[in-house]
Amino acid sequence: MRRFGGYIAIMLALLLSACAKREEPLYQQQLLTFGTLVEISIWGADKSLAQHASSQVGADLQQMHNDWHAWHDSPLVRMNRALAAGESVTVPVSILPLVQKSITLSRASEGMFNPAIGRLIKLWGFEQDDLPIGPPPDLKAIDTLTKQRPGMNDLILDGSQLRSTNPAVQLDFGAIAKGYGVDLAIARLRELGVQNAIINAGGNLRAIGKHGDRPWRIGIRNPRGAGVLASIETRGDESILTSGDYERFFEYQGKRYHHIIDPRSGCPATGVISVTVIADDAATADAASTALFVAGPQRWRETAKKLGITQVMLVDDKGRMVATPAMAARLRFEVDPPPKVTVTPL
Ligand code: ADP
Ligand code: MG
């Protein structure tokens, strides 16, 4: 009898561990924050740890959203006001890394990524909750702002003291904030003991570890039409970010006006509809995807080299796809027939 009881205990334990495994490996949570849908996927952690970690990440992201907001009353908005008035400001700790990273990345991209053009972004109507409906702004107003050439080089940062030598500078971190937010969220997960995860903020993601005994597989959105264009298996810790003209745009008299502005013309960048880059961290990948989008079909290679990015996929405004060899080798197309890709070294 005692032997029999022992068998039952062992069988129960096996059954329980099988159930636990079936129930626990993948934890997924969706949050609406940062003006986008954020998906958190965690593999192989206890459910209670996964729940705790994702609620921490949710709180972190909400805090960043509040701190970095470009038009709601926020520490950034107050800082911009002081900078425009010529004052020297103490940059809040939550904003300082964004300023530092942006200065470096803007310089490396030769101003293609330029978070100092907040006034232009506002003029185009993209610094507001609702999408603009057009008409596009007056050409004279665009020209006046563009000629003032606001840039990150106009900023003088000394420790955490910041001032601007150009009153036209208005900081808008829309092209790097989601990426940097994802970096901080991944750091939070690691600190809490999560080793396998993806944080995906509206197609801007960083993956760590694996999905059990296989790599994470992520999808790249089709820039025209619904669904996934291609998928990629991630390798360890990697960030994969896409900038597209479909994220925020309005159509006026049959023409699309989107939210990625070319600081040279003051108008939405032309020639490209989406750029995907892979880099070690999401902040760099975010700034780089925007910079390459702005650099356009002729100049993106040069900009990628300057930013140290080797894995790029770009779709131009004729729907043609170009990829670097390092990126092309990893793409698995999810559309039938698969598109033709021109593989081009940097
Ligand atoms: P997505 O919203 O698709 O992630 P991006 O990362 O390219 O797109 O960021 C676009 C946002 O960045 C815009 O909404 C605007 O706030 C800001 N922005 C637009 N053009 C530029 C630019 N040339 N450099 C830096 N920031 C920009
Ligand atoms: Mg970006």
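Note that the coordinates shown come from a computational prediction; the quantities given were computed from them, not determined experimentally. Numbering starts at 1 and runs along the sequence shown. Atoms within a ligand are numbered from 1 in the order they appear, just like the ligands themselves.
For ligand 1, the polar-atom distance check against Ala175 finds a nitrogen or oxygen pair separated by under 3.5 Å. An N or O contact shorter than 3.5 Å links Ser243 to ligand 1 by distance. Considering backbone and side-chain atoms together, Ile121 places no N or O closer than 3.5 Å to any N or O of ligand 1. Between Thr290 and ligand 1, at least one pair of N/O atoms sits closer than 3.5 Å. Distances between N or O atoms of Asp262 and those of ligand 1 include no value under 3.5 Å. At under 3.5 Å, not a single nitrogen or oxygen of Pro263, backbone or side chain, sits near a nitrogen or oxygen of ligand 1.
Residue-ligand proximity, Val294 to ligand 1, at heavy-atom distances under 4.0 Å covers atoms 23 (N). Heavy-atom contacts of Lys178 reach the following atoms of ligand 1: 2 (O), 4 (O) (cutoff under 4.0 Å). Shown in contact with Pro115 at under 4.0 Å from a heavy atom are these atoms of ligand 1, numbered in order with element: 25 (C). The atoms of ligand 1 that sit less than 4.0 Å from any heavy atom of Ile260 are 7 (O), 19 (C), 20 (N).
Salt-bridge annotation for Asp237 and Arg206: present, with a side-chain N of the basic residue lying under 4.0 Å from a carboxylate O of the acidic one. Taking the charged nitrogens against the carboxylate oxygens, Asp262 and Arg264 do have a contact shorter than 4.0 Å, which makes a salt bridge. A salt bridge does not link Glu233 with Arg235: every distance from a Lys NZ or Arg NE/NH1/NH2 to an Asp or Glu carboxylate oxygen is 4.0 Å or more.
By the 6.0 Å and 45° rule, Arg256 stacks over the aromatic ring of Phe249. Judged by the 6.0 Å and 45° rule, Lys255 forms no cation-pi pair with Tyr252.
If you check the side chains of Gln195 and Arg190, you find no donor sitting under 3.5 Å from an acceptor. Under 3.5 Å, the side chains of Thr344 and Arg301 contain a donor-acceptor pair of N or O atoms. A donor-acceptor contact closer than 3.5 angstrom is absent between the side chains of Asn196 and Trp216.
Atom 3 (O) of ligand 1 has as its closest protein heavy atom Glu247 CG, 3.0 Å. Of the protein's heavy atoms, Asn114 N, 2.8 Å lies nearest to atom 24 (N) of ligand 1. Atom 20 (N) of ligand 1 has as its closest protein heavy atom Ile261 N, 3.0 Å. Here the protein heavy atom with the shortest distance to atom 16 (O) of ligand 1 is Asp172 OD1, 2.9 Å. Given atom 6 (O) of ligand 1, the protein heavy atom at minimum distance is Asp286 OD1, 2.9 Å.
Nearest N/O/S atom of Asp286 relative to the Mg ion (ligand 2): this is OD1.
The Mg ion (ligand 2) does not have Asn204 among its coordinating residues (no N/O/S atom, backbone or side chain, under 2.8 Å). With a cut-off of 2.8 Å, the Mg ion (ligand 2) has no N, O or S atom of Ala285 in range.
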Worked check of side chain to side chain donor-acceptor pair (under 3.5 Å) between Gln63 and Asp67:
CA-CA 6 Å; Gln63 185 65 47; Asp67 287 345; 3.2 Å; yes
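Across every non-hydrogen atom of Ile273 and Asp317, the tightest pair is CG2-CA, 3.9 Å.
Atom CG of Asp158 sits in a sparse spot, with 12 or fewer heavy atoms from other residues, nucleotides or ligands closer than 6.0 Å. The local environment of CD in Glu191 is crowded, with over 12 non-hydrogen atoms from other residues, nucleotides or ligands closer than 6.0 Å.
Residue contacts with ligand 1 leave out Phe126, since none of its heavy atoms falls under 4.0 Å from the ligand.
Considering only non-hydrogen atoms, atom 1 (P) of ligand 1 lies nearest to His259 out of His259, His258, Met112.
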